[in-house]
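First the structure, in the form of structure tokens, and then the observations on it.
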Amino acid sequence: MKKLLALATVAAIALVLQAAPSAAEHAAVGVAKCKMCHKIEFDSWSKTKHATAEPKAECETCHGNGGDYWKMSVMKDLAAAKAAGLIDKPEKAGCIAKCHKPAEFKDEMLTRVHDKKPKK
């Protein structure tokens, strides 16, 4: 009975993992959509090395493809946006996996990528 329960649990987890799309499976929307609402962030990002790097490190490079979370109705609900692929606060591991070499990455780099809109 324990083996059957364990097998059922593994099968259920596998189904959930298959149903949840990875970041790569979400469609990209591009910076034009992002900057419609995130002008402060976009303007400050455009003055950084990320904006001039080849390839560019755009919004979705760090925050995940926005095809399923860019709409205002989703973005206003952080839990829903994260479930739809938003990476709200990119972490060092993601920066290193995608672009930066571990030896050159400093933790304070995470706070200097772009300005943030003041909270209301």
Side-chain angles (χ1 to χ4, degrees):
M1 185 64 163
K2 287 182 182 180
K3 286 183 182 181
L4 183 60
L5 182 58
L7 183 60
T9 302
V10 169
I13 291 171
L15 284 173
V16 169
L17 291 176
Q18 283 180 346
S22 70
E25 292 173 338
H26 297 283
V29 297
V31 296
K33 290 255 196 252
C34 302
K35 83 175 187 179
M36 289 185 330
C37 298
H38 300 283
K39 185 165 175 24
I40 291 170
E41 292 85 344
F42 176 83
D43 288 347
S44 67
W45 164 85
S46 65
K47 298 171 189 163
T48 69
K49 290 180 181 178
H50 286 114
T52 58
E54 283 301 323
K56 286 183 179 178
E58 299 180 328
C59 309
E60 294 170 294
T61 305
C62 304
H63 294 285
N65 289 346
D68 296 321
Y69 71 76
W70 73 273
K71 293 181 180 174
M72 183 66 71
S73 59
V74 179
M75 284 297 284
K76 289 289 185 180
D77 180 348
L78 184 58
K82 285 181 177 180
L86 172 68
I87 300 168
D88 182 40
K89 294 180 170 86
E91 297 180 356
K92 179 178 180 176
C95 301
I96 290 171
K98 293 177 184 176
C99 302
H100 292 276
K101 295 177 182 158
E104 65 187 31
F105 191 88
K106 296 174 179 53
D107 290 338
E108 63 267 12
M109 292 168 74
L110 288 169
T111 62
R112 296 187 314 208
V113 176
H114 59 70
D115 294 337
K116 310 281 192 281
K117 188 185 311 182
K119 301 275 186 197
K120 292 181 180 182

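These numbers come from a predicted model, not from an experiment. For this chain, numbers begin at 1 and follow the sequence in order.
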Working for side chain to side chain contact (heavy atoms under 4.5 Å, CB included), residues Cys34 and Trp70: CA-CA 7 Å; Cys34 302; Trp70 73 273; over 6 Å; no

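Cluster partners of Trp45, using a side-chain heavy-atom cutoff of under 4.5 Å among ILVMFWY residues and allowing indirect links, are Val31, Phe42. Here Met72 is tied to no hydrophobic group at all, with no ILVMFWY side chain closer than 4.5 Å.
Residues passing the side chain to side chain contact (heavy atoms under 4.5 Å, CB included) test with Asp43 are Lys39, sequence neighbours excluded. Contacts of His38 classified as side chain to side chain contact (heavy atoms under 4.5 Å, CB included), with partners at least two apart in sequence or in another chain: Glu41, Met75.
Listed by first then second residue, pairs satisfying side-chain hydrogen bond (donor to acceptor under 3.5 Å, both in side chains) with a partner in residues 86-109 read Lys92-Asp107, not counting sequence neighbours.
At least one donor-acceptor pair closer than 3.5 Å links the side chain of Ser44 to the backbone N or O of Asp115.
For the atom pair Asn65 CG and Leu86 CG, the distance stands at 11.5 Å (nearest 0.5 Å). Thr48 OG1 to Arg112 CZ: the interatomic distance, rounded to the nearest 0.5 Å, is 11.0 Å.
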Donor-acceptor pairs under 3.5 Å, side chain of residues 49-64 to any protein atom, not counting sequence neighbours: which ones?
from: Thr52; atom 1: OG1; to: Lys49; atom 2: O; distance (Å): 3.4
from: Glu60; atom 1: OE1; to: Val29; atom 2: N; distance (Å): 3.2
from: Glu60; atom 1: OE1; to: Gly30; atom 2: N; distance (Å): 2.8
from: Glu60; atom 1: OE2; to: Val29; atom 2: N; distance (Å): 2.7
from: Glu60; atom 1: OE2; to: Gly66; atom 2: N; distance (Å): 2.7
from: Thr61; atom 1: OG1; to: Glu58; atom 2: N; distance (Å): 3.0
from: Thr61; atom 1: OG1; to: Glu58; atom 2: O; distance (Å): 3.3
from: His63; atom 1: ND1; to: Ile87; atom 2: O; distance (Å): 2.8

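Taking both residues in full, the closest heavy atoms of Val74 and Asp68 are given as CG1-O, 4.0 Å, listed atom of the first, atom of the second, then distance.
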